[in-house]
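Presented below is the structure to which this report refers.
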2 protein chains.
Amino acid sequence: MEETVDGLTQSECMRDMIPVRDAMDVLNGKWKLPIIVALRFGTKRFREISREIPKISDRMLSKELKDLEMNELIHRKVYDSFPVVVEYSLTEYGKTLNAVIETLRDWGQAHRKRMLER
Amino acid sequence: MEETVDGLTQSECMRDMIPVRDAMDVLNGKWKLPIIVALRFGTKRFREISREIPKISDRMLSKELKDLEMNELIHRKVYDSFPVVVEYSLTEYGKTLNAVIETLRDWGQAHRKRMLER
DNA sequence: TTCCATACTAAACAAAAGGTTAGTGCTTAC
DNA sequence: GTAAGCACTAACCTTTTGTTTAGTATGGAA
């Protein structure tokens with residue numbers, strides 16, 4: 001007889017950690033959250049985002065925007081004017097992350113408080 | 001007049017990312033989730049955990065257990081027998097992570113499905 | 001003409017995270 | 001007495017992640 005927690009065996013629980021990692025990877029790294037927050041406040045161009053996030057380098061911004069786009073969290077729109085104008089915005093799908101971010105924020109706030117109280 | 005989303009300004013949102021990072025740091029790295037899962041199934045000794053997590057090295061297990069203990073998520077109990085016996089268990093506080101992990105898992109599962117469907 | 005801005009990319013480097021190998025001092029089993 | 005298990009730790013190496021610096025082609029302003 002196999003031991004279970006909430007009706008799941010340990011190997012089932014371990015398997016469930018793969019999507020947990022997936023979700024964390026989507027938000028991971030130093031810059032993804034600030035970029036997502038910036039875009040919650042509207043469509044923005046590369047240089048605007050870079051101005052709003054202190055110390056981010058062009059290389060990192062470019063790389064993280066690509067990652068977020070691959071995951072369909074943001075949309076990249078190119079206007080074929082000269083010179084090119086590129087606009088970034090959160091997709092509807094990207095907005096579904098808000099619930100996840102709020103859960104993390106709430107636990108994180110409680111944790112921070114707990115750790116400061118000794 | 002400052003633009004807001006859910007009644008928060010952009011700088012307030014940016015500030016909220018700090019506890020989000022705190023929460024993510026608590027779960028971050030390759031090994032913390034597997035360790036937490038292993039301990040959901042009961043109190044275990046160092047060698048037992050290491051046997052249940054394929055490929056984890058003693059160095060990493062020792063380091064991650066220390067991290068989790070510092071964050072009060074697990075408890076370390078030393079029996080002063082010879083040789084020493086050490087037991088690790090999830091704290092009640094550690095169990096509060098379950099809700100966070102479930103939220104991440106649910107979003108991650110939906111995301112994985114979405115990405116596989118093209 | 002010189003400077004600045006835009007949206008990037010390349011190359012080289014530094015820092016952080018993780019892995020490998022080996023060893024401690026103690027006990028029990030063969 | 002040799003081997004294996006226990007709960008670690010140290011030293012060193014590799015991989016991943018992020019930073020720095022510089023450069024592209026284009027256009028507009030001073």
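Note that these values count all heavy atoms, side chains included, but never hydrogens, waters or copies made by symmetry.
The distance from atom CG of A/Asn28 to atom C1' of D/dG18 is 13 Å, rounded to the nearest whole Å. The CZ atom of B/Arg51 sits 16 Å away from the P atom of D/dA4 (whole-angstrom rounding). Between the CZ atom of B/Arg47 and the C1' atom of D/dC8 there is a distance of 8 Å, given to the nearest Å. In this structure, the CG atom of A/Leu33 is 12 Å from the P atom of D/dG18, given to the nearest Å. Distance CG (B/Leu61) to C1' (D/dG5): 16 Å, rounded to an integer number of Å. Distance B/Glu48 CD to D/dC6 P: 9 Å, rounded to the nearest Å. The distance from atom CZ of B/Arg76 to atom P of D/dC6 is 16 Å, rounded to the nearest whole Å. The CD atom of B/Glu87 sits 14 Å away from the P atom of D/dC6 (whole-angstrom rounding).
Within 4.0 Å of B/Arg45, counting heavy atoms only, lie sugar-phosphate atoms of the nucleic acid but no base atom. Nucleic acid contact class of B/Lys55 (heavy atoms, under 4.0 Å, all strands): none. At a threshold of 4.0 angstrom between heavy atoms, the contacts of A/Tyr88 are confined to the sugar-phosphate backbone, with no base atom among them.
Using a 4.5 Å heavy-atom threshold, the side chains of B/Ser89 and B/Lys77 count as separate.
For the pair A/Lys32 and A/Asp25, the salt-bridge criterion is not met [side-chain N within less than 4.0 Å of a carboxylate O].
Annotation: cation-pi geometry not satisfied between A/Arg45 and A/Tyr88 (NZ/CZ under 6.0 angstrom from ring centroid, within 45° of ring axis).
Position along DNA chain D of the nearest nucleotide to A/Lys30 versus B/Arg59 favours B/Arg59 as the more 5'-ward residue. Positionally, the nearest nucleotide of DNA chain C for A/Lys66 lies more toward the 5' end than for the other of B/Lys63 and A/Lys66.
Under the 4.5 Å side-chain heavy-atom criterion for ILVMFWY residues, no single connected hydrophobic cluster contains both A/Met115 and B/Leu27. In terms of hydrophobic clustering, with Ile, Leu, Val, Met, Phe, Trp and Tyr side chains grouped at heavy-atom distances under 4.5 Å, A/Val5 and B/Leu97 are assigned to a common cluster.
Bounding nucleotides for the chain B contact on DNA chain C, 5' to 3', at a heavy-atom distance below 4.0 Å, are C/dG18 to C/dT27.
Without hydrogens or angle criteria, A/Ser81 side chain to A/Val84 main chain gives no donor-acceptor distance under 3.5 Å.
At D/dT9, one or more side-chain N or O atoms of B/Ser62 fall inside 4.0 Å of OP1 or OP2 (strictly under the cut-off).
Minimum heavy-atom separation, B/Gln10 to A/Ala38: NE2-CA, 3.5 Å.
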